Amino acid sequence: NSGSSSDDTASEGNCGYKLAFFGALTGSAANLGVNIEQGFELAIDQYNKAKGSTCIEVAKFDSQGEASVAPGVARSLVADKKILGIVGPPFSGESEAADPIFESAGIPTITPSATRVSLASKGWKVFHRAVANDDAQGPAAAAYIKDNLKAQKVFVADDQSAYGAGLADVVKSTLGSLVVQSDKTEGDGKQADFSALVQKVSSSGATALFYGGYYTNAGIIRKQLTAAGWKGTLVGGDGMKDPGLSKASGVAAAVGTIVTCPCSPPEAAGGTFVNDYKAKWNQDAGTYSDVAFDAANIFLQGIDAGNNTPQKLNDYLKTVNYKGIANTYKFTETGELDPSLIKVWAFKFDNSGDSKADVEIKTS
Amino acid sequence: MSEKASFRSNGGVRGWYGRQPAWVQWIVIAIALVLAFLLPYAGDIPLIGPQIVTEGIDWPSALFNMSYYVLLALGLNVVVGYAGLLDLGYVGFFAVGAYGTALLTSPDSVLYADTGWKWLMAVPVALALTMVAGLILGWPTLRLRGDYLAIVTLGFAEIIRIFATSTTTLRGDRGFASIPHPPGTWNGEPIFGVTDAVPYFWLGLVVIILVILGVRNLDRSRVGRSWLAIREDEEAAEIMGVRTIKYKLWAFAIGAFIGGLGGVLFAGEQGFINSQTFVLQFSILVLAGVVMGGSGNMAGAILGGALISYIPDRLRGISLGDTDLYEYRFALFGLVIIIIMVLRPQGLIPSRRRAMELKDREKEVAPQ
Amino acid sequence: MDFSGLIDNFGPLTVTGLAQGAIIALFALGYTLVYGVLRLINFAHSEVFLMGTYACLIVWGFFGLDQNSAAPSVGGMLLYLVIGLVVAIIASGVTALAVEVVAYRPLRRRNAPPLAFLITAIGASLFISELTGVLTHRNQRGVPPIIQAKPLFTIGDTTVTNLQLLIIVLALVMMFVLDRFINGSRLGRGIRAVSQNPDSAALMGVNKSRVIALVFLLGGLMAGIAAVMYDLKIGVTRYDAGFLLGIDAFAAAVLGGIGNLRGALLGGLLLGVLQNYAAGLFGSQWLHAASFVLLVVILLFRPTGLLGESLGRARA
Amino acid sequence: MSEPHQETPEELDRANARPVDEPAPTGGKLDEPNPSPVRGEEVLLEVDHVTLRFGGVVALNDVSFSLRKGEIFGLIGPNGAGKTTCFNAMTGVYRPTSGTIRFQGESVVGKKKHEITRGGIARTFQNVRLFPEMTALENVMVGADAHHKTSVISALFRLPRFWQEEKSGRARSLELLRFVGIAHRAGDVSRNLSYGEQRRLEIARALATNPTLLCLDEPAAGFNPAEKEELLQLIRKIRDTGVTVLLIEHDMRLVMGVTDRIVVLEFGKKIAEGTPAEVRDNPAVVAAYLGVPTDAA
Amino acid sequence: MLLEIDNVTLAYGRIQALHGISLTVGEGEVVALIGANGAGKSTTMRAISGLRPVSQGTIKFDGQDITKLRADLRVIRGVSQSPEGRGIFPGMTVRENLEMGAYTRRNRTEINEDLQRAFTLFPRLKEREKQTGGTLSGGEQQMLAVGRALMSRPKLLLLDEPSMGLAPMLIQQIFDIIVEINQQGTTVLLVEQNAQQALSRAHRAYVLETGRIVKEGTGRELLNDPAVKDAYLGVA
Ligand SMILES: Nc1ncnc2c1ncn2[C@@H]1O[C@H](COP(=O)(O)OP(=O)(O)OP(=O)(O)O)[C@@H](O)[C@H]1O
Ligand SMILES: Nc1ncnc2c1ncn2[C@@H]1O[C@H](COP(=O)(O)OP(=O)(O)OP(=O)(O)O)[C@@H](O)[C@H]1O
Ligand SMILES: [Mg+2]
Ligand SMILES: [Mg+2]
C-alpha cells in the first residue's frame, strides 16, 4: 500500500520521498560505512532544516559490507517505492552483488568510495561514482613517491583486497625499477603479526613502503616497522586515510605517513562542513564523509528541481554539474567522474594524529 | 487409559505423528510442503506475519539464505551426525561448489573463452568437483581421530580460502561477477531475475526436499547402518564386515556434494562471489546449527540450519530502548547458543536415539 | 618462490618466529591443559586470551598510558610490566573460570555428549568476542610503549631485542614452572590423576570439580601472560585478536600432541618459526596456509601429534 | 576367575600402526607335512608356526594347530597365554611376526579385517563390543550386511536390490535373534540389554555374517551355571547348522562338556593338544592351568 | 555399625543393576560379597564409594548419611576402594601411584611410614618403585591397587576382586594380607569370585543374585550351604 499512497503525498513540493544509504553499518567494515552514512545524513538534515519539515526521509540499509548479504538488503531497498536515490554501496564487492538489483529497479546510485575500475564497464545506467577510480590514484601515489619523497628504493606490499592489490599493482608498474621488493599480506583482521614483512622491508634498504590496503593493517604495520627501527615513509591510498591508523600505531610512529586520496581537502572547500559534522556527530569527519555529503546534495538538488521519480532523477544525473565541498561533479556516459575534474591530493599524518592536506599531486 | 500412558511415554508431536495411519502422515507431509512453499507470503498473515518476517532484509531473500544454510546443515549432518566425523571446515565444500560454477560460467574466469557455460550446464561439473574435494579431504584424514580431524578439516577450509584469496585464477577479493542465473522464462520474463528472490527460495526448497529424500533413503539402509556402526565402534564395525574406509569416504563425498549444492545455488542467486564469503566462522556457525538443532536428525539439522540464518536476520531493526539490537546480534546469538545447549544438550529436535542416550547418561552422574 | 628472501633474512626470521611461537605456545597450553583433563576443545580459550589483551591495556590506561605515551623509565617499565601481567592473568583467569562455570559445568552436571560442550564453547566465544566488538566499535586499540624495543646483542647479522628475549625466556620459564607444578606438586598430581583415570582419582579423594577449575585457571594464567606479550609484540589488539591467534594456538597444541605440555611448547615454537620461513619464501599471504600444510603432513605420519598425547604422560 | 585382557585404545593404535595391507609373507610351507595331521577330514583353518611379538613380549611363540570342518575346538590356557591374541591374528587385528594362518587353504595374513569376515571368519569379543546406541536388530543387520551388495546408488534410488536385500536381511536377523533367544528385545537399544543378552546378541551378530568359522572369546563370562548350560546347548546348535566353532573359555565344565578337541597355550606356546579327556589328564596342563584345587594350596 | 546400606537401588541408564539391597558391615569385620558375574557386586561397591549415584535408599557410614556425598569427600571420611579393573594411573610411577593413595593426607612422616608398610607388604612393588604403572604386569597392578587403597588409612576398605589375575601362590598371600590388615583394625568389605577363599576368611557374607541379596550368614554357614556350593563353589 506504500506504493499507491506515495504518489499523492509526494506531489506537493517534492516532499515525502526518501533517499537511501546502502552500506556497512555493522560488522568489521562498519567504520567506513558509518563515516559515509553520517556525511549523507548531515546533508539531508540540513536540507530538511532549510525546508522546515522532514521533507526527505533518510532510509538506512545495512549490507555489513559483505557481498553475500548485499542482495537481500538491496531487494528490501527496492521494495520501498518512496526511495528515489541511493548513496552507496561503499565497497566494490557489494556493488557487484547489489548494483544489478538497483539497475533492474532503475534507482540511481552514487557511490562515494567504490573505486574498482570494472564497475563502470558493466553497462549499468544507474551507476555513478563520485570519486576517481583506482586507475587515477595509483599513478598519483607513484608520482608522489618518485617526485616528492624522491625515494630510490621502494617496497610495495598489499593486503590482497581488490582495492589494495589493484592500487599496489599500478604503483608497482608505474615505479618500475625503483621497486626493490614486494610482498603480500593477509587481509584485514586475518593477520596481526607482520614480522616477516617488517623484516623484509628493513633488510631491503627501501626508504618508502607503499601499502595497498586499509588503515587497520597499516597501523599495525607502521607500529611494528617503527619498533624494528625502520625509518622510512609509509605511503598508502585513501583506505588508509583514517585517524584510526595513528590510534593503532601511536601518533609518533604515524607522523609523516602519506596517504593519497582522489579528493580535495574539505577544509580547502571552505564552508562549514567540518564544524557541522563535528557538531552533529561529535567526531571528526572521516574518509569519504565529505563525498557522501556532496552525493546526497546532488540528489537533493535534483529532487528540488522536480525530479521526483527514480527515472527522472537518474536522467538528471546525466546532466548535473555540481560544485560540492570536496569536488565538482560531472558524470561521464558510464557514470565515472569527468576526467577533467579528477584531483588527487596527498595527505600527511601530523602530530594531531590525523592526516592533513599536503599537496595536490600532479600526474603529468 | 493405556492410550494415554503410551502417549506420555512416547510423547510430543513426534509420538502423535508416529501413531497415525499412513494416509494421515501423507496429508501432514503434504500440508507442511504447501506451507513451506507459501512461506514467502507469510508477511500477509494478519498479526503473526509481521512478527515472523525480517526487516531491513527482503523476506524472500532471507528465506533463500535460510535455504542454503539448511542445505549446508543437512550435508554437515551426514558427516558429523551420521558418520561421527567432526568437520570444522565444511565451508570449504560450499566454496568449491560456488567457485566451480563461477569458473565455468563467469566472464571473469580464465576458462570463459572455452566454457562460458550456462548455470545449469556448470552445475553437474561443479558438484562432481566438490565430491572430488570431499575425497581429497577424506582420504588423508581417515586415520585421524575426532579432535585431530577437527583441526585438519579446519585447516583444509583455511587453505582453500587462502588459495582462493591469493591465486590469480581464483581472483581473490576481486571475485567473479556476472555469473548467470538459473534458466527458465515465464511470460517472456526470466523466472530467476534479480529483484525477486521467491523463485530462488522455491528452487532451494525443491533441492532441499530432494536432498532430504536422498539422505533419508541412505540413512534407512545398509549405508546408514554402516555409518552408525562406524561412529559407535569403528574397529568392531570393520570386524563385522563393514568397509569402514569406503563408507567414511562416502560420508565425506555426500556431505561435500550437498555443501556443493548450497554453493551452486548461492552462486546462481548472487551472480557474484569472492573470497570474502568463505570464512571460517561460517563453518563453525553451521556446525553450531547442526548440533543445536539435533545432530544425527534431519529435522533437527533443518531447524538448526534455518535458525542460524534466521536469528541474526530477524534481529535487524529490533531495538531495546535506544539501542538497535542488530549490532548485538552475534553476541546475542552466542548467548542463545549457550542457553539452548545448556537446556537441551541433545539439541532442539534430537534423534530418538540421542534423546534416549542423554536421558540415560543424565542418571549416571556421580554425586557432585 | 623467493629463496634469497628466506636465506638473507634467515636469522632474523628465526628469532622473530621464535618470539611469536613462544606466545603461541603459552596460548596453546590452555587448550592442552583443558583437553588433557576433560578431552574437549575449549573453543572459548581464544576469548580468555582476548580479555587478557584488553585488561592490561585498561589498567595501563589508569596510569595515563596510551599508545602515544613516551616510553617509561626502567623502573616504570618493570612496575608497569608486573602490574600488566598481574591484571591480565587475573582477567584471563576469571574469564576462563566464568566460561567453565557458565558454559561447561551445567553440561557436565547432565553428562552431556562431547559435541554439546564444543558448541557451548563456540557460543561463549562468539558472545565474548562480539560483545567486545560492539563495545569497542570494532576499533583497534594501540598499546603503550611499555618496553622500547632495543637490540640486546647480535649473532652474525641477527640482532636480538630485549622484547624478543623477554618473550622467549618468559615462555620457557613458565613452561618449566608449569611442568614442575604438574609433575611435582600434590595438586599437579591430582590433575594428572584426573586426566589418567577420573574415577580412580575420585577414589583417591581428588575433588574433580576443583581440579577442573584449577586447570581452567592455569590455562587462563598462561593465556594472560601470552596476552601481555602479544600486546607488547604486536602493538595493537582488537575484538578478533583471540580468534585469529587462537587458531594458531590450537594448531600448535595439536601439532605437538594435544594434551601434552611439552608438545604445546614444541608445536608453538615450530609453528611460529615455520610461518616466518613460509612468509619469507612464498610471501606473507601464505603464512597460515603453510602452517596448516605442515600440520596435515605431520598428522599424516604421526596421527597423534609430534609428542603424542596425554597430560598424564607428559613425563614420558 | 579370568583376567580380562582389555584391548586398550593405545594397544589398538599400536596394532593399527602396523601396516596390515603389506603383502603377506608366504612361508612356502604348503608342501611340508602338516604338523597336526588330520585323519582324512577337511581342514578348515590352519595356524602354522605363528609367532607374534609386541616389542619384547612374545605373545605367541611358534604356535601351530588346525581346525577341522564341523568341530567344536577349544583354546584354553592361563591369563596372558595368548589366546585372545591368537583370535586377533586370525581376524586381522594383529599381524603375525612370522608364520601363516590359512583359512580354507588361503592365507588370511595381510587381509583387511572386513575381507576376512566376508571370507567366513566371525568372532565375538572378550569384552562385549556391540554398537551400543543401535537396536539389537540393527546390530545384527550390520552383520548381515557383510554379504549384501546394495550400493550407495541402489540405496539412494531404492533399486530392487535394496528392497530385496533389506527384506531378506531383516528376516534373517530376526530369525537369528530368535535362534539365540532374544527376539523379544529386537527393538531395544543394545546398551540397555543385560549382560547375558548382550553376549547372545554378539553371537547373533557374528552368525549374521554367515560364517564358516565362529570364534567365541569367553562367551560364558557373566553367565550363571544355568545360563552356561543354555549356552552349551546353543553352541551345539550352532555347530549342528554346519558352522565350525572355536571357543576360548575358562569355565572347564563348559569346555570339557562341549568341545571335540582342545589346544592348551601357556606363555604363548602350545603345551598340549587332544581330546578333553586327554588334556584333562595331561600333567603339564594340570601344572600350568588346571592346577590343584585352590583350597588345598 | 560402621556401614549400613538400606534398600539401595541403582540403575545404569535403563538397566536396573541393584534392586533394593540392604547390608551392614560392623566395625572390625571382614564381610564378603559373592555372586555371579553381573550380579551387582561391583555396582554395590561403586555405590558405597560414590562413583555412581543411587536412585533410592540410603547409605550410612559411621552413623552419618553419605548417600549424596561426593566420592572424594567419602575418602576423607575413611572409605577407600581398590576398584575392579584396578584403576592404576598408567602414566605415574609406582611410588606416585601409592602417593596418590595418600592424596587427602598431609602428614609427610606418616605418609612415608605407610609407604614403607606398603613396600613391606608387597616387596615386589619396592623393586618396581620407579616403573610406570601401565607397564606393570597384571598381578603387580593388582598389588599396587590394594597397596594404594591402604595408603589413605581407611576405616573401611573396599576390595573388588583383589585376587583377580594373581598367580595361585599370590592368591594365598593376598588373603593372608587381608586378614592381617583386618587384625590391625581396618574393616574390610570384600568382593570375590574366589568364593571358597573369601568365605573361609570372612566373618560374615552376603550372596548377591541379579541385583538382590538372596542369602546371608557367617562365612562358614554359606560355605556349607548346598545351593551356594552348587552355584559358586563348583569344580574349578
Ligand atoms: N597390544 C599389546 N601390546 C603389548 N602386549 C600385548 C598386547 N596385547 C597383548 N599383549 C600381551 O600379550 C600376552 C597375551 O595376551 P592375550 O590377550 O592373548 O592373553 P589371553 O590368553 O587371551 O589371556 P586372558 O585369559 O586373560 O584373556 C599378554 O602378556 C599381554 O600382556
Ligand atoms: N557402565 C555400565 N553401563 C551399563 N550397565 C552396566 C555398567 N556396569 C555394569 N552394568 C550392568 O550392571 C549389572 C551389574 O554389574 P556389576 O559390574 O555390578 O556386576 P558384578 O557382580 O560386579 O560382576 P563381575 O563379577 O563381572 O564383576 C550387570 O548387568 C552389568 O551388565
Ligand atoms: Mg583373552
Ligand atoms: Mg564386578
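Order of the sequence lines sets the chain letters (A, B, ...), proteins ahead of strands, with each chain counted from 1. Keep in mind that this is a model prediction, so the values were computed, not measured.
Within a 6.0 Å sphere centred on OH of Tyr310(B), heavy atoms belonging to other residues, nucleotides or ligands number more than 12. Dense packing is recorded around NZ of Lys280(A), with more than 12 heavy atoms of other residues, nucleotides or ligands lying under 6.0 Å away. Atom NZ of Lys125(A) has 12 or fewer neighbouring heavy atoms from other residues, nucleotides or ligands inside a 6.0 Å radius.
With values rounded to the nearest 0.5 angstrom, Glu186(A) atom CD is found 7.5 Å from Glu158(B) atom CD. For the atom pair CG (Asp196(B)) and CD1 (Ile101(A)), the distance works out to 10.5 Å, reported to the nearest 0.5 Å. The line from CG of Leu315(B) to OG1 of Thr26(A) is 11.0 Å long, rounded to the nearest 0.5 Å. Atom CD of Glu66(A) is separated from atom CG of Asn274(B) by 10.0 Å, given to the nearest 0.5 angstrom.
Between the Arg75(A) side chain and the Pro60(B) main chain, no donor and acceptor come within less than 3.5 Å of each other. For the pair Arg174(B) (side chain) and Arg116(A) (backbone), a donor-acceptor distance under 3.5 Å is absent. Ser76(A) contributes a side-chain N or O that, together with a main-chain N or O of Gly56(B), makes up a donor-acceptor pair within less than 3.5 Å.
Neither the backbone nor the side chain of Gln276(B) comes within contact range of chain A, judged by heavy atoms closer than 4.5 Å. Ala165(A) touches chain B through backbone and side chain together, each having a heavy atom under 4.5 Å away. Both the backbone and the side chain of Gln160(A) come within less than 4.5 Å of a heavy atom of chain B. Neither the backbone nor the side chain of Arg171(B) comes within less than 4.5 Å of any heavy atom in chain A. Only the side chain of Phe266(B) comes within contact range of chain A, with at least one heavy atom under 4.5 Å from a heavy atom of that chain. Looking at Glu269(B), both its backbone and its side chain come within 4.5 Å of chain A, counting heavy atoms on both sides. Heavy atoms closer than 4.5 Å to chain A are found nowhere in Ile273(B), neither backbone nor side chain. Residue Lys60(A) does not touch chain B at all, counting heavy-atom pairs closer than 4.5 Å.
With sequence neighbours left out, Tyr90(B) forms a ring pair (Phe, Tyr, Trp, His ring centres under 6.0 Å) with Phe93(B).
Salt bridge absent: Asp173(B) and Lys184(A) never bring a charged side-chain N and a carboxylate O closer than 4.0 Å.
Residue Ser178(B) comes nearest to Lys122(A) through the heavy atom pair OG-NZ, 4.3 Å, listed as atom of the first residue, atom of the second, then distance. Annotation for Gln270(B) and Ser68(A): closest pair NE2-O, 3.1 Å, computed over non-hydrogen atoms.
Counting heavy atoms from C-beta on, the side chains of Thr165(B) and Lys190(A) never come closer than 4.5 Å. Put simply, the side chain of Glu103(A) does not reach to within 4.5 Å of the side chain of Val194(B), judged on heavy atoms.
Here Ser166(B) is the residue among Ala62(B), Ser166(B), Ala177(B), Gly175(B) with the most heavy-atom pairs under 4.5 Å with chain A. Ranked by non-hydrogen atom pairs under 4.5 Å with chain B, the options Leu25(A), Val69(A), Asp62(A) are led by Asp62(A).
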